[in-house]
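Before any comments, here is the structure.
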Amino acid sequence: MEKSLTIAIDGPAASGKGTLARRIADYYHLGHLDTGLTYRAVAHMMLQKGWPLDDDAHAIEAARQVDLGNLDKHALSAHAVADAASKVAVIPEVRRILVDKQRTFAAQPGGAVLDGRDIGTVVCPEAPVKLYVTASAEVRAARRLRDIEGRGGHAGLAEILDDIRRRDERDMGRSDSPLKPAADAHLLDTSEMSIEAAFRAARAIIDGVLAGQNAS
Ligand code: DC
């Protein structure tokens, strides 16, 4: 039977976990799901319909409609959507519905890479590889600013930093599935690392786990 490999990647906003997850999925030929997009899809629908973000019943309805095969990355990348996503993500029933869909994705033949906030702790607690990718809030804000400017946009560093801190507080402080490293996660602080160096470090961790599995 083909071996299955699940890789769980968690970390705060703008930590670089998404870029890393994509590189890892390509390298190991695995499917990839950015689970943040599922929360963003709920938020996007709420904003479009003009529903208040704390309207649980409508948020639950929106969560049921999320289709993993039809996540419009471009529409979901807006800043307002990200902020709203971290608000609807506190609703336990929304999480339960999305986590079910994420687990179905994770169970695909061969395995998958999932990135988010609660993958190692809640969605895939049995994943043999768990990475917790982090960087200081200042470094994350500077990276986000470079990103925005690289796309021809403008923003203020102080404003971005505030925003990142607010989102960290909400994501780490909620009572249901808060962002935190799983007990058996490998910590990867990328504050002083290039994406290339972070990718090399992640590969060393993953290859180590695979070697251990093959030996046993
Ligand atoms: O990773 P992101 O910026 O696209 O995530 C947007 C929001 O979605 C994030 O602030 C909190 C929520 N989220 C979550 O609660 N659990 C996940 N597994 C992924 C994202």
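Both counts, for ligands and for their atoms, begin at 1 and track the order of listing. Residue numbers count from 1 along this sequence. Only this structure's heavy atoms are used, side chains among them; waters, hydrogens and symmetry mates stay out.
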Is there a donor-acceptor contact under 3.5 Å from the side chain of Arg151 to the main chain of Gly153?
no
Report the part of Ala13 in contact with ligand 1, treating N, CA, C, O as backbone and CB onward as side chain, heavy atoms under 4.0 Å; options are side chain, backbone, both, neither.
neither
Between Ser191 and Ala135, which heavy-atom pair has the shortest distance, and what is it?
OG-CA, 3.3 Å
Shortest non-hydrogen separation from Leu161 to Ala137 and the atoms involved
CD1-O, 3.5 Å
Those atoms of ligand 1 less than 4.0 Å from some heavy atom in Gly116
18 (N), 19 (C)
Please could you name the atoms of ligand 1 that Lys17 approaches to less than 4.0 Å, counting only its heavy atoms?
1 (O)
Looking only at protein heavy atoms, what sits closest to atom 7 (C) of ligand 1 is Ala85 CB, 3.7 Å
For a quick check under 3.5 Å, do Ser86 and Arg170 share a side-chain donor-acceptor pair by atom type?
yes
Strictly distance-based, threshold 3.5 Å: is any side-chain N or O of Thr35 a donor or acceptor partner for the main-chain N or O of Asp115?
yes
Heavy-atom count check: over 12 atoms from other residues, nucleotides or ligands less than 6.0 Å from Lys180 NZ?
no
Starting from atom 1 (O) of ligand 1, find the nearest protein heavy-atom neighbour and note its residue, name and distance.
Arg117 NH1, 2.9 Å
Is it true that Tyr39 and Arg95 share a donor-acceptor pair across their side chains at a distance under 3.5 Å?
yes
Give the residue, atom name and distance (to 0.1 Å) of the protein heavy atom nearest atom 6 (C) of ligand 1.
Arg167 NH1, 3.6 Å
Of the protein's non-hydrogen atoms, which lies at the shortest distance from atom 12 (C) of ligand 1, and what is that distance?
Ala89 CB, 3.7 Å
Judged by atom type as modelled, is there a donor-acceptor pair below 3.5 Å linking the side chain of Arg140 to the main-chain atoms of Ala13?
yes
Report the nearest protein non-hydrogen atom to atom 4 (O) of ligand 1: residue, atom name, distance rounded to 0.1 Å.
Arg40 NE, 2.6 Å
Quick test of your reading of the model: are Arg23 and Glu196 salt-bridged, counting only N-O distances below 4.0 Å?
yes
Would you call the rings of Trp51 and His58 parallel, tilted or perpendicular, taking 30° and 60° as the class edges?
parallel
So is there a nitrogen or oxygen of Tyr39 less than 3.5 Å from a nitrogen or oxygen in ligand 1?
no
Polar atom proximity, Asp34 to ligand 1 (N or O, under 3.5 Å):
no
protein heavy-atom neighbour closest to atom 19 (C) of ligand 1 works out as Thr35 OG1, 3.4 Å
Which heavy atom of the protein is the closest neighbour of atom 11 (C) of ligand 1, given with residue, atom name and distance?
Asp171 OD1, 3.4 Å
Looking only at protein heavy atoms, identify the closest one to atom 16 (N) of ligand 1 and say how far it is in Å.
Arg95 NH2, 3.1 Å
Give a yes/no on ligand 1: does Arg174 have at least one heavy atom closer than 4.0 angstrom to it?
yes
Does an N or O from Gln102, backbone or side chain, lie closer than 3.5 Å to an N or O of ligand 1?
no
Can you tell me if Arg170 contacts ligand 1 (heavy atom of the residue under 4.0 Å from the ligand)?
no
If we number the atoms of ligand 1 from 1 as shown, the ones under 4.0 Å from a heavy atom of Asp118 are 16 (N), 17 (C), 18 (N)
Exam field: side chain Lys130 to backbone Asp184, donor-acceptor pair closer than 3.5 Å:
no
